[in-house]
Amino acid sequence: MQEKYDPHSIEPVVQSRWEKTGAARATEDPGRPKYYCLSMFPYPSGKLHMGHVRNYTIADVLARFHAMRGFNVMQPMGWDAFGMPAENAAIQNRVPPAQWTYANIDYMKAQLKRLGFAIDWSREITTCKPDYYRWEQWLFTRLFEKGLVYKRYGTVNWDPVDQTVLANEQVIDGRGWRSGAPVEKREIPMYYMRITAYADELLGDLEKLDGWPEQVKLMQKNWIGKSFGCEVCFPYEAESVESIGGEGALKVFTTRPDTLMGATYVAVAAEHPLASRAAAANPALRGFVEECKRGGVAEADMATMEKKGMPTGFYVSHPLSGEKLPVWVANYVLMGYGEGAVMAVPAHDERDFAFALKYGLDIRMVIASPEGAEGAYSEVTAPWMPAYADYGVCVNSGKYDGLGFAEAFDAIAADLAARGLGEKRAQFRLRDWGISRQRYWGCPIPVIHCEDCGDVPVPDEQLPVVLPENVEVTGGGSPLTRMPEFYECVCPKCGKPARRETDTMDTFVESSWYFLRYCCPDNTRAMLDERIAYWCDGGIDQYIGGIEHAILHLLYSRFWTKLMRDAGLFGSLRLDEPFARLLTQGMVVAPTFCREKPDGKMDWIDPSEVEIVCDERGRPVAAKLLADGQPVQIGGIEKMSKSRNNGVDPQALIDKYGADTVRLFIMFASPVDQSLEWSDAGVEGAYRFLKRLWRIVYEHISKGGARADSGGELSPELKSFRRQLHQTIGKVADDYGRRKQFNTAIAAVMELLNACARLDDASEAARAVRQEALEAALLMLYPIVPHVGETLFAELRPGESAGAQSFPEVDAVALARDEIELILQIDGKLRGRLRVPASAETSAIEEIALSSEAAQRYLNGKPPRKLVVVPGRLVNIVL
RNA sequence: GCCCCGAUGGCGGAAUCGGUAGACGCACUGGACUCAAAAUCCAGCGCCGCAAGGCGUGCCAGUUCGACUCUGGCUCGGGGCACCA
């Protein structure tokens, strides 16, 4: 055996053995329980970043642990290969997106192999290949026929200089990232997926997801945002009917019908038909509506901008009182939610309140806080007091006075219904999913536009619609729109010349079903086959990925699973939810450094090029660039990203320390669900631990090794060490299997090895116990550091493979103990320790506690006020 | 702005169901080995205090015999907000 740990000599050996034996190859085996271990597949951006390493290490640890537990494990991998960065790279480097993408995949695949992940590469999926996306196009045409895909106008960011649609990410402070021109909203036709048809099921099924973090379920619940309220119609006032263009009513949705008597105006979105109608005759209003079209479509921007409005000059009547109310256009009303119009109750809504104050609109108090109604009444009527938005009791509301929220809701809804001016209903915040992208590098939308037949889905026999790969991307719109050989076609229905759709699909579509295709990536005749009944029974056992995907990707995947179920693609499998257990890893973050460039843009500096200046207490106070010694600004600690230039390249670490050290450090540095702040120093510590582990095993073997033999009488010291060993096995198994807390599992094994190294006993019995401990320690660490695990285990047990072993079992006999230690508290403060027999009854423990020296000292002869005994833990004497 | 999460020594973190705060590791300090360095090993390491002891888990309240843990109210940091993936 080598005396020193040398990762670079052992890792290739172990990896080529795995490769030869096909160790990671997964085959359906109905006789064994399966464990489908899925990671969020990477976007092939160039090289792996730390987030990838973290994600796939977690998955690999779980995969290897479950294999040791007897599961038939499948761990597949693929590439989320369509997306914007390929087009940007294409513009920058004059390389076709396909070529760039495939080169990145090759490089990153080699990196994943270098890290020793037990991935079944025979199932590899690349979403930009026609054998994958053809099925997506196929299902699209089915959904189109069912009405689950439809076309309508949608709003996009428009760069008026570059004449192109921008992603939200490409809009910086309201301007196009390349042109710098102020961005405008523009309405264009787009395809939508009717996710709202599944809103109730997506909401209700969250309850089935016991294996998901509560946090993620809550975020999804709020995103779907089902609220109960009332539709209310405000009939047009007689004087406005003519200018509005006919009789009718303005419909709004409210969750607070109990405040209806306090409505003093109605506000509509700038895109609302009523706003357009009013603007036609009013140049000032037209200017305001135009102003509302400035800026991007991102909701965060909409919600933080200054609230502005303008009267339309139209009036509606209050549906119950008949009072005349003005109609305003307001930039805070979203066309995409509810009816694009709201009733405003300034006294009981903070936003309406601020708006009413600004424009001198009436504020009418109609809800009083339940406690002290009189006081609250006078408070809220005073306009300098904030709006009272909580539930309360109706006042100043005629026949509804005195009713609470629920009663007033029912009474008002009933009265509205009786007049045909409203009814109760639920409203979702969730909107239909716009999937059209005016970009080249995506899955072509399989539709043909015919002048006579309209939008015709591409028939099955003409699928896939293949995206041409050898193109030049120059920016300024999709090259597909300049390729007649792509868009010129004939109508499948009437045979007349027609035009192929040149928009591509949102890349979220590919990532919404890849996990099902892993079960049958080789099937050229169908999207899915019966193999999913084996691998997806009960759902995918474990899904691992970044918390940043908590809403969109996971919601779309849940949606697509339901779509595919309802399309009858699952055969005998009953599957409503794709992911039985979800682990959302925290982000890998690092400090950022920057300088402002002359043009005002930020120049982000790689942390490795920066020296941090600390004060005498070790706190960072300043930073300077190594190259010029001049100060740089310290930014926040943010997710490692290209845009912030704060990434640490895992490859450099692998080259220096080997895969096991990188895997060990990343699992040890922080719990998986928390963000991981990068530290170069910590990596060194992980490397040191592996060297130490190697040496302990080397020394044990040099002294002749031993057979692990737990029989026979042991000295108290060995007995105690062996108890620690089996406690550690129990803890580590629980940490891996149930808690998914790997940092504490590693710490426990470190403690065990510290104790093992301290064990100063050369007896036969000690060597046997040490052998048992080292074997167990290697098997416990194997999922995390498999190369070291394989190599050292084969030294301890020649000819055997660690990966083929079962996970160590706890020996209950080793855990038994005669005496335990209890903590003695007096008034909740630690005052001593008690040794009591493990079997001692509460009364006996009380007696021992009270007679202890510390208790005598504090009690001073007086009896205790209270005595609390927590079995196995502590005794608290209350004076 | 809205939704979600987090905050514990010089640093990353531990304390799993309300019961010993600081496991394990990093950094640092001292010692051993060495001509020397590296590597390795041993010891120390929350703050105040000579000590006894006191204080201490972002801040302010509360519940409890007992709170890092539960409740209410803040502050700061992070993620998401529908065209980044």
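Below, each value reflects all heavy atoms present in this structure, side chains not excepted, and no hydrogens, waters or symmetry copies. Chain letters run A, B, ... following the sequence lines, proteins first, then strands; residues in each count from 1.
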Novice: A:Ser45 near the nucleic acid: base, sugar-phosphate alone, or nothing, with a heavy-atom cut-off under 4.0 Å?
Specialist: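 A:Ser45: no heavy atom of the nucleic acid under 4.0 Å.
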
Novice: For each nucleotide in nucleotides 68-75 of chain B, reading 5' to 3', give B when a protein heavy atom comes within less than 4.0 Å of its base, S when such contact involves only the sugar-phosphate, and - otherwise.
Specialist: --------

Novice: For the side chain of A:Asn168, starting at C-beta, report the closest nucleotide among B:C83, B:A39, B:A85.
Specialist: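 The answer is B:C83, which lies nearest to the side chain.
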
Novice: Identify the pairs formed between an N or O of the protein and an N or O of nucleotides 4-9 of chain B at a distance under 3.5 Å, and give each distance.
Specialist:
none

Novice: Taking the C1' atom of each, how far is B:A52 from B:A36, in whole Å?
Specialist: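 Their C1' atoms lie roughly 47 Å apart.
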
Novice: Once you apply a heavy-atom cut-off of 4.0 Å, does A:Gly434 come out as touching a base, just sugar-phosphate, or nothing?
Specialist: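 Result for A:Gly434 = sugar-phosphate.
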
Novice: Looking across every strand, which nucleic acid part, if any, lies under 4.0 Å from A:Met302 by heavy atom: base, sugar-phosphate, or nothing?
Specialist: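 Nothing, no nucleic acid heavy atom in range.
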
Novice: For the side chain of A:Met84, counting heavy atoms from C-beta on, which of B:C83, B:A85, B:G1 is nearest?
Specialist: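 Selected nucleotide: B:A85.
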
Novice: Would you please name every residue forming a ring pair (Phe, Tyr, Trp, His ring centres under 6.0 Å) with A:Phe559, sequence neighbours left out?
Specialist: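 A:Phe559: ring pair (Phe, Tyr, Trp, His ring centres under 6.0 Å) contacts with A:Tyr198.
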
Novice: Between side-chain atoms of residues 822-830 of chain A and protein atoms elsewhere (two or more places apart, or another chain), which donor-acceptor pairs fall under 3.5 Å?
Specialist:
from     : atom 1 : to       : atom 2 : distance (Å)
A:Asp827 : OD1    : A:Leu879 : N      : 3.0

Novice: Looking for any heavy atom pair under 4.0 Å, which part of the strands does A:Arg688 touch: base, sugar-phosphate only, or nothing?
Specialist: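 It contacts sugar-phosphate atoms only.
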
Novice: For the side chain of A:Ile551, starting at C-beta, report the closest nucleotide among B:G1, B:A82, B:G80.
Specialist: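 Nearest to the side-chain atoms of A:Ile551, counting from C-beta on, is B:G80.
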
Novice: Determine the Euclidean distance between corresponding C1' atoms of B:C2 and B:C55; express it in Å to zero decimal places.
Specialist: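 Result for the C1' pair: 40 Å, nearest Å.
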
Novice: Checking A:Trp177 now: which residues fulfil ring pair (Phe, Tyr, Trp, His ring centres under 6.0 Å) with it, not counting sequence neighbours?
Specialist: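 None.
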
Novice: Give a yes/no on whether any side-chain N or O of A:Arg437 is located under 4.0 angstrom from OP1 or OP2 of B:C83.
Specialist: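 Answer is yes, contact under 4.0 Å.
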
Novice: Identify whether any heavy atom of A:Met505 sits under 4.0 Å from a base atom; if not, whether one sits that close to sugar-phosphate; answer base, sugar-phosphate or nothing.
Specialist: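 Nothing, no nucleic acid heavy atom in range.
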
Novice: Check every atom of B:A14, B:C26, B:C24 against the side chain of A:Gln741 and return the nucleotide holding the closest atom.
Specialist: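 Looking only at heavy atoms from C-beta outward on A:Gln741, the closest nucleotide is B:A14.
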
Novice: For B:C81 and A:Arg429 - does any side-chain N or O of the residue sit under 4.0 Å from the phosphate oxygens OP1/OP2?
Specialist: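 For A:Arg429, the contact criterion (side-chain N or O under 4.0 Å from OP1 or OP2 of B:C81) is not met.
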
Novice: Do A:Arg738 and B:U16 share a donor-acceptor pair, side chain to base, under 3.5 Å?
Specialist: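 Looking at the base of B:U16, it does pair with a donor or acceptor on the side chain of A:Arg738 (distance under 3.5 Å).
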
Novice: Should we count CG of A:Asp173 as having more than 12 external heavy atoms under 6.0 Å?
Specialist: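 Atom CG in A:Asp173 is not packed in, count stays at 12 or less.
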
Novice: Across nucleotides 29-34 of chain B, 5' to 3', mark each nucleotide with B, S or - according to how protein heavy atoms within less than 4.0 Å reach it.
Specialist: ------

Novice: Suppose we screen for ring pair (Phe, Tyr, Trp, His ring centres under 6.0 Å). Which residues come up paired with A:Trp694, at least two apart in sequence or across chains?
Specialist: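 For A:Trp694, the residues satisfying ring pair (Phe, Tyr, Trp, His ring centres under 6.0 Å) (neighbours in sequence not counted) are A:Tyr5.
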
Novice: Say you pick atom C1' in B:C47 and the same atom in B:G22; how far apart are they, in whole Å?
Specialist: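 Result for the C1' pair: 13 Å, nearest Å.
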
Novice: Is there side-chain contact between A:Leu752 and A:Met780, with at least one heavy-atom pair below 4.5 Å?
Specialist: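 With C-beta onward as the side chain, the pair touches.
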
Novice: Could you tell me if the side chain of A:Lys307 sits less than 4.5 Å from the side chain of A:Lys358, heavy atoms only?
Specialist: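 A side-chain contact under 4.5 Å is absent here.
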
Novice: Report the distance from atom CD of A:Gln220 to atom NZ of A:Lys217, rounding to the nearest 0.5 Å.
Specialist: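 These two atoms lie 10.5 Å from each other.
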
Novice: With sequence neighbours left out, which residue pairs that include part of residues 864-879 of chain A fulfil the side-chain hydrogen bond (donor to acceptor under 3.5 Å, both in side chains) condition?
Specialist: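 For residues 864-879 of chain A: none.
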
Novice: Are A:Glu684 and A:Arg688 within salt-bridge range, i.e. N to O under 4.0 Å?
Specialist: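 Here A:Glu684 does not pair with A:Arg688 in a salt bridge, since their nearest N and O are not under 4.0 Å apart.
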
Novice: Can you list the stems that include RNA chain B, where a stem is three or more consecutive Watson-Crick or G-U pairs with distances under 3.5 Å?
Specialist: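 So the stems come out as B:1-7 with B:75-81, B:10-12 with B:24-26, B:28-32 with B:40-44, B:46-48 with B:53-55, B:58-62 with B:70-74.
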
Novice: Identify, between A:Val165 and A:Ile547, the residue whose nearest nucleotide on RNA chain B lies closer to the 5' end.
Specialist: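 Final value for this comparison: A:Ile547.
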
Novice: Considering only NZ, NE, NH1 and NH2 on the basic side and carboxylate oxygens on the acidic side, decide whether A:Glu299 and A:Arg429 come within less than 4.0 Å.
Specialist: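 Counted as a salt bridge, because a side-chain N and a carboxylate O are separated by less than 4.0 Å.
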
Novice: When you measure from every atom of RNA chain B, which of residues 750-760 of chain A have a heavy atom less than 4.0 Å away?
Specialist: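 Here the set is A:Met750, A:Glu751, A:Asn754.
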
Novice: For the side chain of A:Asn743, counting heavy atoms from C-beta on, which of B:A14, B:U40, B:G12 is nearest?
Specialist: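 Of the options given, the side chain of A:Asn743 lies nearest B:A14.
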
Novice: Sequence neighbours left out, what passes ring pair (Phe, Tyr, Trp, His ring centres under 6.0 Å) with A:Phe515? Give chain and number order.
Specialist: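 A:Phe515 satisfies ring pair (Phe, Tyr, Trp, His ring centres under 6.0 Å) with A:Phe579 only.
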
Novice: With 3.5 Å as the limit, what N/O pairs link the protein to nucleotides 18-21 of chain B?
Specialist:
from  : atom 1 : to       : atom 2 : distance (Å)
B:G19 : N2     : A:Gln825 : OE1    : 3.4
B:G19 : N2     : A:Asn876 : ND2    : 3.4
B:U20 : O2     : A:Arg833 : NH1    : 3.1
B:U20 : O2     : A:Arg833 : NH2    : 3.4

